[in-house]
Amino acid sequence: MDADEMDIDLDGAGAGATDDIDAPFSASPASASGSLPAVLSEVAALHRRASSSSSSYSSASPSLSLPSITYLSSAPAAVASLFPRLFAAGIPASSVLPPLEASLSAHPLPAAVAYLRLLLAPASPLLTLFSPLPFLSLLLAIRKAASSSAGAANPSSGSGGGRGRGNPRKRKNQRHQPAAAPQAAPSLLPRALSLLADAAGRLPLRAHPDARRSLVDTAAELAAFDVLAAVLGSDYHAEAVQDVVRALAPVVLSGTKSTARVAAVQFLVTKLVPLGAEEGEDVVRKAMEYLPRYLAVKAPDKAEARALAVEAIVEVVRALGSDEREGFAGYVVAMSKGKAKGRLLAVDLVLAMLPVLLPSDRDDWDLEEGSWGLKFLRVLVERCSDSVGGVRARALTNAAQALDVLSERGVEVDRLQEVMRTGDMGLGELLRQRCTDDKAAVRKAALVLITKAISLIGRPVDESLLCAMGAACSDPLVSIRKAALAAISEVFRKFPDEKVMKEWLQAVPPLVIDSETSIQEECENLFLELVLNRICQSANLNPDDDSIKLEDVFPEGTLDLLKSICDGEIAPCIKKICASLGKKKKLKPLLASSLQNIITISESLWLRSRKPIETWTAPIGSWWLLSEVSSFAPKSVNWKFLSHHWKLLDNVRQDDRGKACSQVEPNCALWAVNRVSLLQTISNVSMELPVEPAAELAHSLLTRIENFDMNLSEVDAHVKSLKILCKRKAKTAKEGDALILKWAQQLIRSAVDILDQYIKETSESARGHSFVTPVSSKSRGKKQTPASKSTSEAVIAVFTVGSLILACPTANVKDITPLLHTIITSGNSELRPKNLVGGTISFKELAPSLYIQSWDTLAKICLVDDKVAKRYIPIFVQELERSDMATLRNNIMIAMADFYVRYTALVDCYMSKITKSLRDPCEVVRRQTFILLSKLLQRDYVKWRGVLFLRFLPCLVDESEKIRHLADYLFGNILKAKAPLLAYNSFIEAIYVLNDCTGHGVYSESQGSSDRRPALFAVRGTDERSRSKRMHIYASLLKQMAPEHLLATSAKLCAEILAAVCDGLLSVDDAGGRAVLQDALQILACKEMRIHPNICTDNSEMDEEGGEGGGTASALLAAKGRAVTQVAKKNLIQIAVPIFIELKRLLESKNSPLTGCLMECLRALLKDYKNEIEEILVADKQLQRELLYDMQKYEAGKGKGKAAAEFETGPSGTARSPARQTPACAAAAKVDASARATVRSVLKEVNRNTPTPPLHSMSVPKVKSILGTAGPGSRRPGVLESVRRLQPFESDDEN
């Protein structure tokens, strides 16, 4: 006993040492008295009590006391002597189990530790103490302790964790509750898990599968991998492998990065997979072979979670043997042809497993036939044309990364080109199709693949692919524009061919005005790199002695670049790029030196070939680009260089005088353009000019202007240069302004004299001749007559006055205005004062160029003089409507846009007349009008009100492709952002306007008394071409609407058009009413009107990409889509179907051909509710049967068509042989027989002649008409009284 007592004392001291740790169990003095004799006596007492009782111990046995449990859990040496003492006392070991099981409920974790110590004791009767139910209670206790410890570590995670929040009554009750034991779990839980790991390998769990599964689940949940390792090391590991895999799969496939997930993956790789070695059991080996397949099947759908799952699966595959890896590779290939979820996972697995399956031997790096690398690449290529957009996008993205992997391994380009083909379609054609995909993610992925696979595309680059990349640069989504910018720039960087250069210049420079700042900056940087820096390479070049051709001297593509950048369409954008780069000080002085060197070398080579200098022209674009960059590098431009070429160009101009135009025709226009650019360059560097040369140049410019014999394109440049020279060389600003005014007045007086003399001579000449033959264009090339020379001088004088007015607005124009009035009103006695000369001659016929320039100059005078503007703006509007000269209408349209900015209130009343130019017979005038009005709308000078929006709609189907493209961009990008509700609020009115139907009250009011040409903006007609045009307009508007607006639009169509027909407010007897009704039915049936649950997520496909909270936003959008879909179904039942029933009765009574359109519309609307047609059409059984018949007939036709297609071609697309046509014929016959049976059964119901019940007998809501009362003599509107007019959303143009 002494030794025992000594042991007890030691153990008791040990237990006391843990009092601070296990505070809840040592809070009372009784806990200090725990000892082995006390435990033995308590067990003996409980045993005697259980023996004397007739009840079962499992239901009535009390638990051990807390001191005894604490002692057993903390004294392993005493536990070792417990069972010998019990045996000596005649107490069976099983008597410990009932009170210990009861203690697992009262004191879970200490009792669990005590139970495990008893199981692990050296003399423990394991089979006696172990029982499944107590063991399950033990595992449950450990789980509860782990969850409570997690809650104690993160107390704020609960619903009432915040201070001051939650139910105050709960907080009050919590204050009166006894204190819990938060410190128990952290101290005893690791000890319990350690003991559980020791016990897991010893317990007889082979015969108890439920206990084994619970043990594995508990260990996986608590990340107790030591326990799992012990399970796998036991004699029942073969049975436990599947349980371990099943328990660890959720941890491995969790969507968050955590240490538990990493540890679980490592456990699979290091502990579980090695069990499947060849010397292992067949069951285990088979389980390891199917382990990655099981993980692939359980992989989540979310992108981030799927990526982590792929990473884990690949780690497992790496640990497998070669045979198992190849088996899983075959499974992945098969999975890529299965369901959409599997195909999406397969394309990710293909990329991740590619490095694993590729051989490491350099000699075998080529993709041999039958290799897994080749099969995987073909899987990616095939999935690039998948039917699901997400799979296509992922396959394209992974293909780009796979090409990087293969390129690093040295796979030959020719082999990759061969592999990337799909049938007869090469990589370029595949990328072209994907660049124009309807899914934004697919388009972006295709552009990324182009950037990676540019070496595979090869030369020459397919023109259609270039066009697709160029079109992507104007995509509505910012991310796609960025990807397209990078892709086409990479193509231009690698292949600077002429076609690539042209497409790049057409697509990239316009992005400098993009709304996204980062795209603007990238555009500028790319232009600097790919254009300007290439030109800078010519700075220090010198031609060889034997060089004759200019192309041999400069780097390849330099001259083509210069020629292309001065194109009229992109020149404004390049000007803006150069100005922005200059302000940022990114333009190098070397660029100006390079341009001067190019011009100088060109001249020297021309002279070396002994050609006359009069026929020489500098490389196209060189002077123009120098004029743009010289203002930011004035010191880099040599004055001697400028002086030499100015004299050269001026001498050639002087020599050209008096010569026939045909002698200098090829070069005179280029010389004029070069002189303009040279003058601009001189103006830019005028501050660097010496005083005397500057004064001489100014006098020379003034003399040339006063001669009035220059090309019109040179006049503005001369006036501008002279103005800049005077300002910069004057001592003060006031002195400069006075000098400018002085020579401006001098030039205007000279111009007045010339014009007055010309009018008098022309009038006198007209009196002596009965008619005057106007100068025609056929006289070009002939020697100028004195009359034509004086006309040319008058034209230049008028044009010069206009330039002077803009350069010096304070100049006096009172003498020139009457002369201009005489010219523009010649031939019209109503507008011309009687005291003016000019007689009855018409300058419009005699001198058309003078007539046009007079209008232009008068418009410039109006811009600087508001009094003149008030008098003449009505005359401009009148001429815009009446003129038969397209050039004049175009110029007046430009002037009206300027007037709108300068005199908005004065011009606004003429907007209805100005917009008529949108339907001008000349394409140039229409395009100019569209562009000008669009700019005014963007700058808010013009509002989207009245008929303006409706008159822009026909531009969507204009004959000109350029106008259609501009209209699509306006409605799809600018209008959608600026006025998103405009399409919805004006949709119904647009239907009436496009059909030229005056039955709509709002439309009738919008046509004022002064405008009786509504048909001008209508797209009337019942032919297929007119209907397709109108449907294109409607579809373009519907695409701009949100789902809730689509829902409201469908209700408005039913209430304002279909119900109007039912109420007699809209007659279907006339062509306009029939067209409106037919359009409404086609709109309701079109795919753009259909509302799907995922329509909201589709509209924001790329906007949520990569953003924080993207998952939450996507979930909200998906919920919104489901809600809108439910409301759409409700509206279909309560609003649309009653109207359709009444409308069908009306059309049948009139024998209208629109009945077929109505039935087709109903079929399309109810296609998604096939199983609910009886519920929806409960009010009209006959209509229900007819619709079922139509839908069955339609589906039967589709089935026959599919069978016929299979009959013609095999699964691979090849033609079937005659011997193999029998199964297809049988399939077609089977479908046909099924269709006939269905039709026969439906017709049997239809032939019962059950009439459609009248509306008043139906239990349906009635709707009040929203189109006003009917005219006298018509019936009172009584159909569908419950439908009220939908109030429009707040309009954007009133903000």
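Just so it is clear, the structure is predicted and the values come from calculations on it, not from any experiment.
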Hey, does the side chain of [X] reach the backbone of [Y] with a donor-acceptor pair shorter than 3.5 angstrom?
X: R1027; Y: A1075; answer: no
X: R443; Y: R434; answer: no
X: S1026; Y: R1020; answer: yes
X: R919; Y: L1016; answer: yes
X: D1063; Y: L1065; answer: no
X: R432; Y: A468; answer: no
X: S986; Y: A983; answer: no
X: R481; Y: A472; answer: no
X: R1074; Y: D1069; answer: yes

How long is the gap from [atom1] on [X] to [atom2] on [Y], to the nearest 0.5 Å?
X: R927; Y: K962; atom1: CZ; atom2: NZ; value: 5.0 Å
X: E881; Y: I914; atom1: CD; atom2: CD1; value: 9.5 Å
X: T915; Y: R951; atom1: OG1; atom2: CZ; value: 4.0 Å
X: C922; Y: Q928; atom1: SG; atom2: CD; value: 10.5 Å
X: C997; Y: D1070; atom1: SG; atom2: CG; value: 6.0 Å
X: E989; Y: L994; atom1: CD; atom2: CG; value: 10.5 Å

Please examine the side chains of [Y] and [X], heavy atoms only from C-beta on, and report whether any two atoms are closer than 4.5 Å.
X: L1066; Y: Y992; result: yes
X: Q1040; Y: L975; result: no
X: C955; Y: L918; result: yes
X: L1053; Y: I991; result: yes
X: L937; Y: L948; result: yes
X: I1083; Y: L1038; result: yes
X: M1089; Y: Y1034; result: no
X: L1077; Y: L1143; result: yes

| field | Salt bridge present between R926 and E923 (N-O < 4.0 angstrom) | value | no
| said: For R1145, is there an ion pair with E1148 - N to carboxylate O distance below 4.0 angstrom? | reply: no
If I compare all heavy atoms of [X] with all of [Y], which pair ends up nearest, and what's the gap?
X: A1080; Y: L1058; value: CB-CD2, 4.4 Å
X: I1033; Y: P954; value: CD1-CA, 4.3 Å
X: L932; Y: M893; value: CD1-O, 3.7 Å
X: K1150; Y: V1068; value: CD-CG2, 3.9 Å
X: A440; Y: I480; value: O-CD1, 3.4 Å
X: F952; Y: S934; value: CE2-OG, 4.0 Å

| said: I'd like to know if the side chain of S917 pairs up with that of D920 as donor and acceptor (distance under 3.5 Å, no hydrogens or angles considered). | reply: no
| Would Y941 and D908 count as having a side-chain donor-acceptor pair, cut-off 3.5 Å? | no
| message | Could you go through D1079 and I1057, starting from their C-alpha distance and side-chain angles, then the distance that decides it, and tell me whether this counts as side chain to side chain contact (heavy atoms under 4.5 Å, CB included)? | response | CA-CA 10 Å; D1079 283 2; I1057 296 181; over 6 Å; no
| message | Please determine whether side chain to side chain contact (heavy atoms under 4.5 Å, CB included) holds for the pair M1159 and K1144, giving the CA-CA distance in whole Å, both sets of side-chain angles, and the decisive distance to 0.1 Å. | response | CA-CA 8 Å; M1159 296 298 291; K1144 177 176 178 291; 3.9 Å; yes
| CA sep, side-chain torsions, deciding dist, call: M896, T929, side chain to side chain contact (heavy atoms under 4.5 Å, CB included) | CA-CA 10 Å; M896 295 305 298; T929 304; over 6 Å; no
| task | Go through the steps for C1054 and L1084 under the test side chain to side chain contact (heavy atoms under 4.5 Å, CB included), then give the verdict. | result | CA-CA 9 Å; C1054 294; L1084 287 172; 4.3 Å; yes
| field | Cation-pi geometry met for K1039 and F971 (6.0 Å, 45°) | value | no
